[in-house]
Amino acid sequence: MDVTALLDPLNDAQREAVGGPPGHTLVVAGAGSGKTRVLVHRIAWLIQAEGVSPFGILAVTFTNKAAGEMRERIEALVGLPATGMWVGTFHGLAHRLLRQHHAEADLPKNFQILDSADQQRLVKRVLQEQGLDESSWPVRQVQGFINARKDDGQRPADIDHRGDPYHRTLLELYRAYEEACRRAGVVDFAELLLRAWELWRDNPGILDHYRRRFRHILVDEFQDTNAIQYAWLRLLAGDSGTVFAVGDDDQSIYGWRGARVENIRRYSQEFPDVVTVRLEQNYRSTGHILGASNQLIARNPERLGKELWTETGHGEPVRIYDAFNENEEARFIGRRIQQWVEGGGRRDECAILYRSNALSRVLEEVLVHSGIPYRIHGGPRFFERAEIKDLLAYLRLVASRDDDPSFERVVNTPSRGIGERTVDNLRQIARERGLTLWATAWEAAGNGQLGARATKAIQRFLTTIEELEQAIDGLSLAEQVETARQHSGLADHYLQKEKGERGQARVDNLDELVSAARAFELDPGDVDTEDLLGAFLTHASLEAGEAQAAAGEDCVHLMTLHGAKGLEFPLVFIAGMEEGLFPHRMALEDGNRLEEERRLCYVGMTRAMSELYLTRAESRRLHGREGHTRPSRFLTELPEEHVESVRPGRAPSAPAAAPAPDTEVGEGVTLGQRVHHPTFGEGVIIDCEGDGPRARLHVNFDDAGLKWLVASHANLTPAG
DNA sequence: TAAACGGATTTTTTT
DNA sequence: AATCCGTTTA
């Protein structure tokens with residue numbers, strides 16, 4: 001086998017990383033430097049040049065998408081299916097371990113997974129059981145506390161509340177929540193990781209088995225690992241395994257959910273003889289874009305240090321556009337995209353990025369208005385939709401009767417006369433006797449302690465589930481889901497409850513779930529085919545699915561800056577470059593968070609291949625309030641030599657509301673006219689908004705530059 | 001049980 | 001402005 005072919009297409013740094021000795025390696029990979037390529041080639045190198053068996057390789061990523069891509073590319077490169085290799089997300093791999101060793105992990109065989117919405121409901125339940133007031137103990141905060149502790153590897157017993165009553169209560173809640181999970185046989189996301197780590201910690205035999213097997217561990221996006229993930233890797237590597245870590249400290253944007261950038265540094269200190277390779281040649285962006293990005297991120301202290309460079313030319317400077325308000329900002333972006341398309345570009349080469357989702361609305365309006373197809377990334381995901389989760393809850397109950405959250409979810413959905421009172425009674429009995437809701441319901445239905453009416457209703461529910469289990473036995477997965485769909489009566493329920501399109505959309509989604517099951521059946525991937533339903537339920541929990549099916553149409557992409565990580569587009573806009581919005585006001589107080597905002601800006605900028613626009617609105621209406629804004633500090637941090645302020649000049653297609661030239665726009669001046677202002681001097685009126693005395697004029701002053709002025713206060717006189 | 005009202009909230013999100 | 005959540009009301 002000619003392994004040099006693996007190295008040939010690489011640059012020197014990439015080659016060093018891929019073909020280096022099979023020891024600990026840290027690859028500091030800048031944006032657009034070919035990091036995935038290095039990871040994939042490294043694996044191929046291990047197999048083909050070092051003679052490592054795929055069975056000995058474990059590669060871990062953060063998203064299913066990344067894992068899928070990696071597997072695909074490895075197989076394409078190696079030329080055969082990489083059987084035996086473990087490639088997956090931290091959560092996916094942890095789940096796999098826990099399934100395999102459920103007894104040692106003290107979990108039921110069919111344990112179900114809670115997503116964060118499920119977890120939130122359960123935390124709320126626990127709060128109510130403890131008789132705590134939700135306004136003093138906000139569910140989200142309690143949930144956040146529990147997750148943060150788990151992300152740090154701490155169980156209630158590991159935490160010292162030091163007599164602080166607030167802390168003590170949180171601890172009690174953590175305990176009670178754990179107990180509720182245990183009873184119901186459910187596990188949340190953070191628990192998957194913590195439990196998998198504990199499994200190894202407490203079972204040396206099992207750990208040893210995996211240590212012997214996985215001598216080669218590769219980690220993508222290392223800067224996003226949290227404490228427990230790091231600990232998990234460390235445990236697995238032991239003294240014999242090698243870790244190949246790829247990451248970029250400058251792209252660490254998930255600190256707020258427990259990611260620890262410092263794991264990169266820690267890794268190179270704690271593991272012996274780590275070879276560090278820097279990938280600094282960028283294959284994505286032009287010189288100007290890179291220059292501006294480099295200098296922005298250089299403002300952050302405490303970096304590992306790295307400066308991207310490119311062989312490509314300077315290209316176009318980064319352009320900054322100051323709009324009068326958010327409408328005008330959106331119109332500018334729309335216009336620019338239209339030009340791009342008229343110039344032969346495709347719409348899907350364009351992306352509009354923003355700090356928070358609230359900004360997408362105006363942009364959408366303008367795009368709709370201009371007839372530009374677009375697609376918003378983010379938003380509710382398929383498997384997270386209420387109707388989908390309802391139907392899955394029926395199936396979960398079939399798979400595991402103890403699953404209390406699922407029981408609660410559908411016991412009265414569709415309504416079958418089991419009210420809050422009845423469920424409350426069940427809950428109370430269950431708690432007193434330490435039983436699950438299902439067991440309690442079963443018993444209560446037998447001894448009639450709930451009253452005739454409720455008993456009957458409960459019996460109906462119990463029968464529904466039991467019959468469903470009978471009915472799906474021996475069926476194919478898709479048929480099972482279809483059967484559950486019918487038995488549940490959810491379709492009629494939603495049609496009746498939500499008239500018109502909304503209800504129908506829900507029903508369509510239920511049908512879609514059947515299709516998803518069919519697709520899963522045909523290609524279940526690397527899972528246990530003995531229990532397809534169980535695997536499908538796991539899939540639904542661990543892989544939330546894209547929000548919208550990828551439309552075939554050529555669409556402009558709209559997404560948050562976080563959502564853009566890992567992507568690239570020829571033409572990129574970052575909208576809302578304003579203090580308080582970006583950097584977000586929640587991050588202004590804290591230096592660390594501010595640095596993270598700056599990294600976020602860096603991530604956004606480095607998405608752009610050939611053109612980058614940073615736009616802002618001088619006045620913005622947000623959450624119903626209109627306010628004046630200040631330009632983002634990030635704008636002022638950009639070096640002049642790479643940046644150009646855009647003068648709209650004669651707009652190629654006039655803004656929607658703008659009158660034709662020569663129309664009087666107020667106070668005896670017209671669009672296009674040369675005017676004089678007492679302070680700013682002479683300039684040309686290039687645009688206007690509104691009419692009458694409140695009209696606002698956009699004037700391009702010779703010296704003072706672009707200004708928006710209110711016509712009635714501007715004191716403009718015709719210049720001549 | 002569901003509609004209707006009122007109040008608070010409003011960063012980012014994967015698993 | 002819009003949405004979500006809890007409470008009140010019919």
Side-chain angles (χ1 to χ4, degrees), chain A residues 60-67 88-95 113-121 124 128 133-135 138-140 144 147 150-151 187-194 196 220-221 224-226 228-229 252-259 326 353-362 365 377-381 383-384 386 412-422 496-499 538-547 559-566 576 580-588 590 593 596-597 599-601 603-604 620-626:
Chain A
V60 58
T61 63
F62 278 85
T63 66
N64 293 298
K65 195 173 153 214
T89 63
F90 278 101
H91 294 86
L93 298 178
H95 175 262
I113 302 166
L114 298 183
D115 71 14
S116 13
D118 301 328
Q119 183 189 34
Q120 196 181 323
R121 289 161 64 112
K124 194 170 184 167
Q128 286 168 350
D133 171 24
E134 282 177 46
S135 55
V139 184
R140 300 288 317 261
N147 287 337
K150 290 190 181 185
D151 285 346
V187 153
D188 61 49
F189 290 136
E191 183 74 24
L192 283 171
L193 302 174
L194 179 50
D220 193 13
E221 307 277 19
D224 288 339
T225 52
N226 64 27
I228 193 70
Q229 287 160 338
S252 162
I253 56 175
Y254 286 113
W256 52 273
R257 61 176 201 213
E326 76 280 3
L353 314 180
Y354 34 80
R355 174 67 238 259
S356 56
N357 289 304
L359 262 70
S360 70
R361 178 160 286 139
V362 219
E365 276 170 20
H377 298 249
R381 306 176 152 249
F383 289 110
E384 285 168 4
N412 196 35
T413 311
S415 353
R416 43 175 76 83
I418 300 171
E420 200 49 35
R421 275 296 293 282
T422 308
Q496 205 204 335
K497 194 172 127 191
E498 290 172 278
K499 317 263 178 277
T538 299
H539 172 75
S541 301
L542 252 31
E543 155 80 90
E546 267 289 290
M559 66 190 89
T560 63
L561 288 151
H562 284 90
K565 192 172 158 210
L581 247 184
F582 190 31
H584 195 273
R585 67 185 162 84
M586 303 302 292
L588 293 178
D590 180 343
R593 306 194 64 185
E596 185 156 306
E597 296 284 304
R599 292 195 291 269
L600 191 54
C601 188
V603 166
R620 181 178 297 276
R621 170 171 282 273
L622 195 62
H623 305 313
R625 223 191 326 281
E626 183 161 343

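Numbers restart at 1 for each chain; the letters A, B, ... are given by sequence-line order, proteins then strands.
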Whole angstroms only, please: what is the [atom1]-[atom2] distance between [X] and [N]?
{"X": "A:Asp220", "N": "B:dT15", "atom1": "CG", "atom2": "P", "value": "13 Å"}
{"X": "A:Asp133", "N": "C:dC5", "atom1": "CG", "atom2": "P", "value": "17 Å"}
{"X": "A:Arg257", "N": "B:dT11", "atom1": "CZ", "atom2": "P", "value": "17 Å"}
{"X": "A:Leu93", "N": "B:dT14", "atom1": "CG", "atom2": "P", "value": "19 Å"}
{"X": "A:Arg599", "N": "B:dT12", "atom1": "CZ", "atom2": "C1'", "value": "13 Å"}
{"X": "A:Gln229", "N": "B:dT15", "atom1": "CD", "atom2": "P", "value": "12 Å"}
{"X": "A:Glu543", "N": "B:dT13", "atom1": "CD", "atom2": "P", "value": "17 Å"}
{"X": "A:Gln496", "N": "B:dT1", "atom1": "CD", "atom2": "P", "value": "12 Å"}

Would you indicate what [X] reaches in the nucleic acid, counting non-hydrogen atoms under 4.0 angstrom: base, sugar-phosphate, or nothing?
{"X": "A:Asp224", "value": "nothing"}
{"X": "A:Arg421", "value": "nothing"}
{"X": "A:Asp151", "value": "nothing"}
{"X": "A:Gly419", "value": "sugar-phosphate"}
{"X": "A:Asp188", "value": "nothing"}

Is the phosphate of [N], meaning OP1 or OP2, less than 4.0 Å from a side-chain N or O of [X]?
{"X": "A:Asn357", "N": "B:dT12", "result": "yes"}
{"X": "A:Asn64", "N": "B:dT15", "result": "yes"}
{"X": "A:Asn226", "N": "B:dT14", "result": "no"}

*asked:* Could you check whether atom CD of A:Gln496 has more than 12 heavy atoms from other residues, nucleotides or ligands sitting under 6.0 Å from it?
replied: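 Open: at most 12 neighbouring heavy atoms sit under 6.0 Å from CD of A:Gln496.
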*For A:Arg621, does its backbone N or O pair with a side-chain atom of A:Glu326 as donor and acceptor, under 3.5 Å?*
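Yes: the side chain of A:Glu326 pairs with the backbone of A:Arg621.
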*Is there a donor-acceptor pair under 3.5 Å between the side chain of A:Asn64 and the backbone N or O of A:Leu542?*
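Here the side-chain-to-backbone pair exists.
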With a 4.5 Å cut-off on side-chain heavy atoms, are [Y] and [X] touching?
{"X": "A:Leu114", "Y": "A:Glu191", "value": "no"}
{"X": "A:Arg355", "Y": "A:Glu597", "value": "yes"}
{"X": "A:Asn226", "Y": "A:Phe90", "value": "no"}
{"X": "A:His562", "Y": "A:Leu600", "value": "yes"}

Taking only the side-chain heavy atoms of [X] (C-beta and beyond), determine which of [options] contains the nearest atom.
{"X": "A:Thr560", "options": "B:dT14, B:dT11, B:dT13", "value": "B:dT13"}
{"X": "A:Arg355", "options": "B:dT15, B:dT11, B:dT13", "value": "B:dT11"}
{"X": "A:Ser415", "options": "B:dT15, B:dT12, B:dA2", "value": "B:dA2"}
{"X": "A:Arg381", "options": "B:dT14, B:dT15, B:dT1", "value": "B:dT14"}

Name the pairs: protein N/O against N/O of nucleotides 6-8 of chain C, kept only if under 3.5 Å.
{"unit_1": "C:dG6", "atom_1": "OP1", "unit_2": "A:Lys124", "atom_2": "NZ", "d": "2.3"}
{"unit_1": "C:dG6", "atom_1": "OP2", "unit_2": "A:Lys124", "atom_2": "NZ", "d": "3.3"}

*Would you mind telling me which residue lines up with the more 5' stretch of DNA chain B, A:Thr89 or A:Glu596, judged by nearest nucleotide?*
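In this pair, the answer is A:Glu596.
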*Could you check A:His562 against A:Ile418 and say which one's nearest nucleotide on DNA chain B is further toward the 5' end?*
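Looking at DNA chain B, the more 5' nearest nucleotide goes with A:Ile418.
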Please list each protein N or O that sits under 3.5 Å from an N or O in nucleotides 3-10 of chain B, with the distance.
{"unit_1": "B:dT10", "atom_1": "O2", "unit_2": "A:His623", "atom_2": "ND1", "d": "3.3"}

_Measuring only the C1' atom in each nucleotide, how far is B:dT14 from C:dT3? A whole number of Å is fine._
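Their C1' atoms lie roughly 24 Å apart.
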*For nucleotides C:dC4 and B:dT13, find the distance between their P atoms and express it as a whole number of Å.*
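Taking atom P in both C:dC4 and B:dT13, they lie 16 Å apart.
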*Measure from the ring centre of A:Trp256 to the centre of the six-membered ring in the base of B:dT12, then say whether that distance is under 5.5 Å and the planes meet at under 30°.*
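Here the ring of A:Trp256 and the base of B:dT12 are stacked, with centres under 5.5 Å and planes under 30°.
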*If every non-hydrogen atom of A:Ala190 is compared with every non-hydrogen atom of A:Asn147, which pair is closest and at what distance?*
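Shortest heavy-atom contact: CB-OD1, 4.1 Å.
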_Ignoring hydrogens, what is the shortest heavy-atom contact between A:Ile113 and A:Phe189? Give both atom names and the distance._
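So the minimum-distance heavy-atom pair works out to CG2-CE2, 3.9 Å.
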*Inspect the contact between A:Arg599 and A:Glu596 and indicate whether a charged nitrogen and a carboxylate oxygen are less than 4.0 angstrom apart.*
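Answer for the salt bridge query: yes.
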_Short N-O contact, A:Lys565 and A:Asp224, less than 4.0 angstrom_ =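 Salt bridge: yes.
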